[in-house]
Amino acid sequence: MHVVSEPPILYLGTPVVLISSLNEDGTTNLAPMSSAFWLGWRCILGLAAAAKTAQNLRRLGECVLNIPSESEVSGVDRLALTTGSDPVPSYKVDRGYRYEGDKFARAGFTRAASETVRPERVHECPIQLEAVIEAEHGIAEGDAALKGRIVTFEARITRVHVQHKLLAAGEANRIDPDKWRPLIMSFQKFYGLKSGQLQTSRLSSIPEAVYRSPDVDKTRRVAEPA
């Protein structure tokens, strides 16, 4: 039986993303989030407008979307309640956040140089997506109480790094979903995926190549960073 309910949040379960962005001093900030979804080679990121990551994306327009697996859960959790903003914004102070200048050291992750953008990648994450910001959109712009608090960024992927073991046998450009185990955040708790498919999918009868985005070709024309 269904009942009417008013949950304060509706985080029903999405993959965790560690966003690398560049600080004013040239260091890389690292922030975990899970308000993200993908369309082709584009990703929509939902962030608090006052967050350090949002500020960095606005200023530089580049990032890396590091996608952790279940194996990186402890490192991701060590980044919880940390911020790259100094001083810490009042709304984060109230929630128990503290400033952390070196997020990589805090999490125990290793830095890796990117190829098309300046922020560094997280070596341990099995999938790393270098990206540039194409657009910014406000959320709840018609609501005076919410306007300006949340923002979405449209990121275009410029380079994909994948651990070889995740690729489908004999295919250089297809990730095998039976091998990929993303870290899932659901209602502020960590979960993984059960091994194996629940059942076969009719949608999977369509070759993945049909969905290939023109953005893939754009990546071959991206200039290497200075």
Side-chain angles (χ1 to χ4, degrees), residues 5 7-21 28-58 62-85 88-89 91-92 94-98 100 103-104 106-109 119-131 133-140 146 149-157 160-163 166 175 177 180-194:
S5 179
I9 58 174
L10 293 173
Y11 289 92
L12 299 170
T14 50
V16 172
V17 179
L18 293 177
I19 303 180
S20 298
S21 63
T28 296
N29 185 52
L30 196 59
M33 57 89 76
S34 60
S35 297
F37 70 91
W38 286 262
L39 294 167
W41 269 42
R42 307 241 170 175
C43 181
I44 304 300
L45 307 167
L47 296 165
K52 185 63 176 178
T53 296
Q55 296 172 13
N56 287 346
L57 296 185
R58 283 172 172 153
E62 297 180 350
C63 63
V64 181
L65 309 178
N66 305 279
I67 317 298
S69 70
E70 299 171 0
S71 300
E72 288 73 55
V73 61
S74 295
V76 172
D77 193 49
R78 284 192 286 271
L79 293 176
L81 301 181
T82 65
T83 177
S85 295
V88 180
Y91 79 96
K92 286 194 171 184
D94 294 340
R95 298 177 185 183
Y97 279 75
R98 62 198 179 283
E100 177 56 66
K103 300 283 193 72
F104 280 86
R106 173 70 182 177
F109 289 142
E120 296 166 307
R121 296 179 285 137
V122 177
H123 172 76
E124 286 77 8
C125 288
I127 298 176
Q128 306 143 8
L129 311 175
E130 299 179 19
I133 301 303
E134 293 281 325
E136 177 183 336
H137 307 280
I139 296 294
L146 296 174
R149 293 174 56 184
I150 303 174
V151 64
T152 60
F153 293 94
E154 177 187 343
R156 176 172 59 83
I157 308 307
V160 176
H161 304 268
V162 183
Q163 286 184 352
L166 296 181
I175 295 172
W180 172 226
R181 290 290 173 268
L183 179 62
I184 302 295
M185 174 68 74
S186 180
F187 290 99
Q188 302 188 95
K189 294 181 171 60
F190 292 119
Y191 294 90
L193 295 180
K194 180 180 178 181

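Note that this is a predicted model, so its numbers are computed, not measured.
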Taking the side chain as every heavy atom from C-beta outward, state whether Leu193 and Trp180 have any atom pair closer than 4.5 Å.
-> no
Given side chains that start at C-beta, do those of Trp38 and Leu129 come closer than 4.5 Å, heavy atoms only?
->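 When only atoms from C-beta onward are counted, Leu129 and Trp38 do touch, with a gap below 4.5 Å.
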In chain order, what residues pass the side-chain contact (heavy atoms from CB on, under 4.5 Å) check against [X], with sequence neighbours excluded?
X: Ala50; answer: Tyr91
X: Thr152; answer: Ile44, His137, Ile139
X: Val73; answer: Leu183, Phe190
X: Glu120; answer: Thr28, Phe104, Arg111

Looking at residues at least two apart in the chain, or sitting in another chain, which of them share a side-chain hydrogen bond (donor to acceptor under 3.5 Å, both in side chains) with [X]?
X: Arg95; result: none
X: Glu72; result: Ser69
X: Thr82; result: none
X: Glu130; result: Thr116, His161

Polar side-chain atom of Thr14 near backbone of Ser34 as donor-acceptor pair, under 3.5 Å | yes
With Ile127 as reference, evaluate Ile67, Leu65, Val17 under the side chain to side chain contact (heavy atoms under 4.5 Å, CB included) test and give the passing residue.
->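 Answer after filtering Ile67, Leu65, Val17: Ile67.
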Could you tell me which residues satisfy salt bridge (Lys or Arg N to Asp or Glu O under 4.0 Å) with [X], sequence neighbours excluded, listed by chain and number?
X: Lys103; result: none
X: Glu124; result: none
X: Arg106; result: none
X: Glu70; result: none

On a heavy-atom basis, the closest approach of Ser21 and Thr53 is OG-CA, 4.0 Å
